[in-house]
Q: 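One structure coming up, written as structure tokens, with questions to follow.
Labels below follow one simple rule: chain letters A, B, ... track the order of the sequence lines, proteins then strands, and each chain is numbered from 1. Please read all numbers here as calculations on a predicted model, not as lab measurements.
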Amino acid sequence: MARYLAHQLTQMVIAIFGISVIVFVITHIIGDPTSVLLPLDTPLEQREEFRRQMGFDRPILIQYVDFLGQALRGDFGTSFRVKKSALSLVLERIPATLLLTASATVLAILIAIPMGILSAYKRHSVVDNIATVFVVAGQAMPIYWLGLMLIILFGVQLKWLPPSGYGEFGLDRLKHLVLPTVVLGVFLAPVTERLVRSGMLDALTQDYVRTARAKGLREWVVLTRHALRNAIIPVITVLGLQFGQLLGGAVITETVFAWPGIGQLTVDSIRNADFPVTQAAVITIAVMISLVNTAIDVIVGIIDPRIRF
Amino acid sequence: MATAEPRERTLAQATVAELPVRLARRRTARDWLRAAWKLRLSVLGGLVLLLLVLVAVAAPLLTPYTPSEGRIVERLQPPVFLGGTWDHPLGTDGVGRDYATRLMYGARVALAVGLLSTLVATVIGVCLGILAGYYSGKVDWLISTLVNIMMTFPFILLALAVIAVLGPSFLNVVLVLGIGSWPIYARVVRVEVSRIKALEFVAAARVIGLTDLRIVARHIVPNLMNAIIVIGTVQIARLIITEAFLSYLGLGVQPPTPSWGYMLFESQAFMFDPAEWWLPMLPGLAIFVTTLAINLLGDGLRDVLDPYQRSSL
């Protein structure tokens, strides 16, 4: 187990290191920070002087080591727009993102598990066909457009729900949460449904299901207690590994609904060339993803020792 | 044993002379129709896509208007299904440009970006996938690690960052989407190559002294084509959705070139006007119909070309 754990942690460190290189390349090599920090009409000498002051004229490797050293201490510099440390701006956005991703995951599971069970149990039936239509349409859906349509329908025309924003803590927050949750849920549910369905199709042909039926158990019990329990393990694994994709969906959802999460902050900082915040946000997202992935790997390794090596 | 009845022979024991007769039956029109009916949704998807391509290519012939010039006095005319006139079947936008014309020209951007960025991704992904699968060892480790990192991180964020830094343009969008989405090809190709390179015909090619390059080009790549086409189709749809999101944020193909994503962004100004809900609806619908058609076609292609990865439909 210790070896497995060490391997997973190494992978995690490599992944975060890799992302830090990519971010550094984007912000320091492809992009010239001075062009963002100084007004367009700055004379060349002043520009050079500024580069020297900021240390942008040093060898690129040294700049990277410097960047990494500060990043490890949680120091990404100060935001160009708000006089606050970049990391604190990022960290205060995490709860909103976790709230949205958690509620969307719950919604996706509530849709996907019954749908997946039914469409595997009654294969090629009407239910299965409806599920297939849902999956195909969901995977082709541009979710930012779905978000706009829901805002227009429920926020503008019917006035049932607030069109965007975060709301006050309490019932108001829940009302604001509904539409973003539906959008991100639609993003996540199709994949989940296919996983449940194929897992169930596989489980229903297994001997233990036949045995359970032979014991005279009710079909409901066979489906949920015997088949689903086995089908659900790969679903959890894949959902965990898809956490990065889910955050990608959250970036889009948060932008459309002005939901003050880490995704919306990142998009904002990118559009305003606020590099310290972009760097802090991207690295934070990478750390979140790595933590979730590693946790899932370890949990699965504990549940199913065959996966360890 | 020696007197076994002839009809008890298995297919493997059939004489060579008998086989061609069974295998070479010509496919009749009925066979094709039956196959098409089985894949009817994919056929439909293919036809819709074909129509979209035709509209995109022939846009100037299909409309009397241009996508970038509008008459401000004719602004915000409703589409025919909301009581508008046939002069502007899908209405006009906030500066009086014909909406149908803009949607038709928008198809050009969507399809071109989708196709070109998928090509970029395919070339990079297939080359790196072959390197990793064929040579294994350190090369494999390096490429696989990069693939894993890129596939777990939401690529939309890196795409946004790179475009913001480079500046938005058609070429930059194509390159960034292509460079950001190659890992999926590399992952699949790597597995396929390491499977294929252990097969006898590759060993045979090596024995007769062919170079690695020739073995890869003539014996391995042809066996990858089906998988590549199947992934590529789905990827085109995904990248069209991503391109529209970039444009929606103003970081995609720049105006005056009409793109569906940017039309979505422009229409947001009218979102809170209860009468103008059709403005944001139409460009999104165009994206949705396009990606749906491509995905349906892709499902059929997978069933035909790649029976091992057949979906559980």
Q: So with a 6.0 Å cut-off around CZ of B:Arg40, is the heavy-atom count from everything else above 12?
A: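 Yes.
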Q: Quick one: closest heavy-atom pair of A:Ile152 and B:Trp277, and the distance?
A: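 Looking at all heavy atoms of both residues, the shortest contact is CG2-CB, 3.6 Å.
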Q: Considering only heavy atoms, which portion of A:Asn293 lies under 4.5 Å from any heavy atom of chain B: side chain, backbone, both, or neither?
A: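 Interface part for A:Asn293: side chain.
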Q: A:Val256 and B:Tyr248: side chain to side chain contact (heavy atoms under 4.5 Å, CB included), yes or no, with the steps?
A: CA-CA 10 Å; A:Val256 171; B:Tyr248 168 72; 4.0 Å; yes
Q: What part of B:Leu157 is in contact with chain A, defined as an atom under 4.5 angstrom from a non-hydrogen atom: side chain, backbone, both or neither?
A: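 For B:Leu157, backbone and side chain are both near chain A.
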Q: Of all heavy-atom pairs between A:Val156 and B:Met271, which one has the smallest distance, and what is that distance?
A: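 Nearest heavy atoms, A:Val156 then B:Met271: CG2-O, 3.7 Å.
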Q: Check whether A:Ile252 gets within reach of chain B through its side chain, its backbone, both or neither, counting any heavy atom under 4.5 Å.
A: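 Its backbone and side chain both get close to chain B.
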Q: Please determine, among B:Gly250, B:Pro283, B:Pro274, the option with the most heavy-atom pairs under 4.5 Å with chain A.
A: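 Looking at each option in turn, the highest pair count goes to B:Pro274.
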Q: Of all the heavy-atom pairs spanning A:Pro142 and B:Ile287, show the shortest one and how long it is.
A: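 Closest approach of A:Pro142 to B:Ile287, heavy atoms only: CG-CG2, 3.7 Å.
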Q: Between A:Ser119 and chain B, with a heavy-atom cut-off of 4.5 Å, which part of the residue counts as in contact: side chain, backbone, both or neither?
A: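 Interface part for A:Ser119: neither.
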Q: For A:Ile22, is it the side chain, the backbone, both or neither that has a heavy atom under 4.5 Å from a heavy atom of chain B?
A: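 Side chain only.
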Q: As an exercise, state the distance from CD of B:Gln268 to CD1 of A:Ile151, rounded to the nearest 0.5 Å.
A: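 It comes to 7.5 Å.
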Q: What part of A:Met149 gets closer than 4.5 Å to chain B, counting heavy atoms only: side chain, backbone, both or neither?
A: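 For A:Met149, the contact with chain B is made by the side chain alone.
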Q: Between B:Thr152 and chain A, which part of the residue has a heavy atom less than 4.5 Å away: side chain, backbone, both or neither?
A: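 Answer is both: backbone and side chain atoms of B:Thr152 are under 4.5 Å from chain A.
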Q: May I ask you to name which of B:Thr290, B:Leu249, B:Ile156 has the most heavy-atom pairs under 4.5 Å with chain A?
A: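 Going by pairs under 4.5 Å, I would pick B:Leu249.
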Q: What's the shortest heavy-atom distance between A:Ile270 and B:Ala164, and which atoms?
A: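 Minimum heavy-atom separation between A:Ile270 and B:Ala164: CG2-CB, 3.3 Å.
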Q: Side chain, backbone, both or neither: which part of A:Ala131 has an atom under 4.5 Å from a heavy atom of chain B?
A: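 Looking at A:Ala131, nothing touches chain B.
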Q: With only heavy atoms counted, which part of B:Leu296 is less than 4.5 Å from chain A, the side chain, the backbone, both or neither?
A: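 Just its side chain gets close to chain A.
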Q: Report which part of B:Leu41 has an atom under 4.5 Å of a heavy atom belonging to chain A: side chain, backbone, both, or neither.
A: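 For B:Leu41, there is no contact with chain A at all, as no heavy atom is under 4.5 Å.
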Q: Mark yes when over 12 heavy atoms from residues, nucleotides or ligands other than A:Arg93 sit less than 6.0 Å from its CZ; otherwise mark no.
A: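 More than 12 heavy atoms, drawn from other residues, nucleotides or ligands, come within 6.0 Å of this atom.
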Q: Could you name the residues of residues 10-17 of chain A that have a heavy atom within less than 4.5 Å of a heavy atom in chain B?
A: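 From residues 10-17 of chain A, the residues near chain B are A:Ile14, A:Ala15.
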Q: Measure B:Ala161 against the heavy atoms of chain A and call it side chain, backbone, both or neither at under 4.5 Å.
A: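 Both backbone and side chain.
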Q: What residue in A:Arg271, A:Gln245, A:Gln139 has the most heavy-atom pairs under 4.5 Å with chain B?
A: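 Heavy-atom pairs under 4.5 Å are most numerous for A:Arg271.
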Q: Picking from A:Asn129, A:Thr278, A:Val282, A:Leu247, which has the most non-hydrogen pairs under 4.5 angstrom with chain B?
A: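 The residue among A:Asn129, A:Thr278, A:Val282, A:Leu247 with the greatest pair count is A:Val282.
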Q: Between B:Asn295, B:Val234, B:Thr145, which residue shows the highest count of heavy-atom pairs closer than 4.5 Å to chain A?
A: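 Of the candidates given, the most pairs with chain A belong to B:Asn295.
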Q: Can you tell me which portion of B:Leu285 sits under 4.5 Å from chain A's heavy atoms? Options are side chain, backbone, both or neither.
A: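 For B:Leu285, backbone and side chain are both near chain A.
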Q: Checking B:Phe245 against A:Thr255 for the side chain to side chain contact (heavy atoms under 4.5 Å, CB included) test, could you report, in this order, the C-alpha distance in whole Å, the side-chain angles of both residues, the deciding distance, and whether it holds?
A: CA-CA 10 Å; B:Phe245 183 65; A:Thr255 309; 4.2 Å; yes
Q: Name the option with the most non-hydrogen atom pairs under 4.5 Å to chain A; the candidates are B:Phe288, B:Phe272, B:Phe155.
A: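 The candidate making the most pairs under 4.5 Å is B:Phe288.
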Q: Spell out, as yes or no, whether a donor-acceptor pair under 3.5 Å connects the side chain of A:Tyr144 to the backbone of B:Ile241.
A: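 Yes, the answer is positive, given that a donor and an acceptor are paired below the 3.5 Å cut-off.
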Q: So, for A:Gly248 and B:Pro154, which heavy atoms are closest and what is the spacing to 0.1 Å?
A: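 Smallest interatomic distance, heavy atoms only, reads CA-CB, 3.5 Å.
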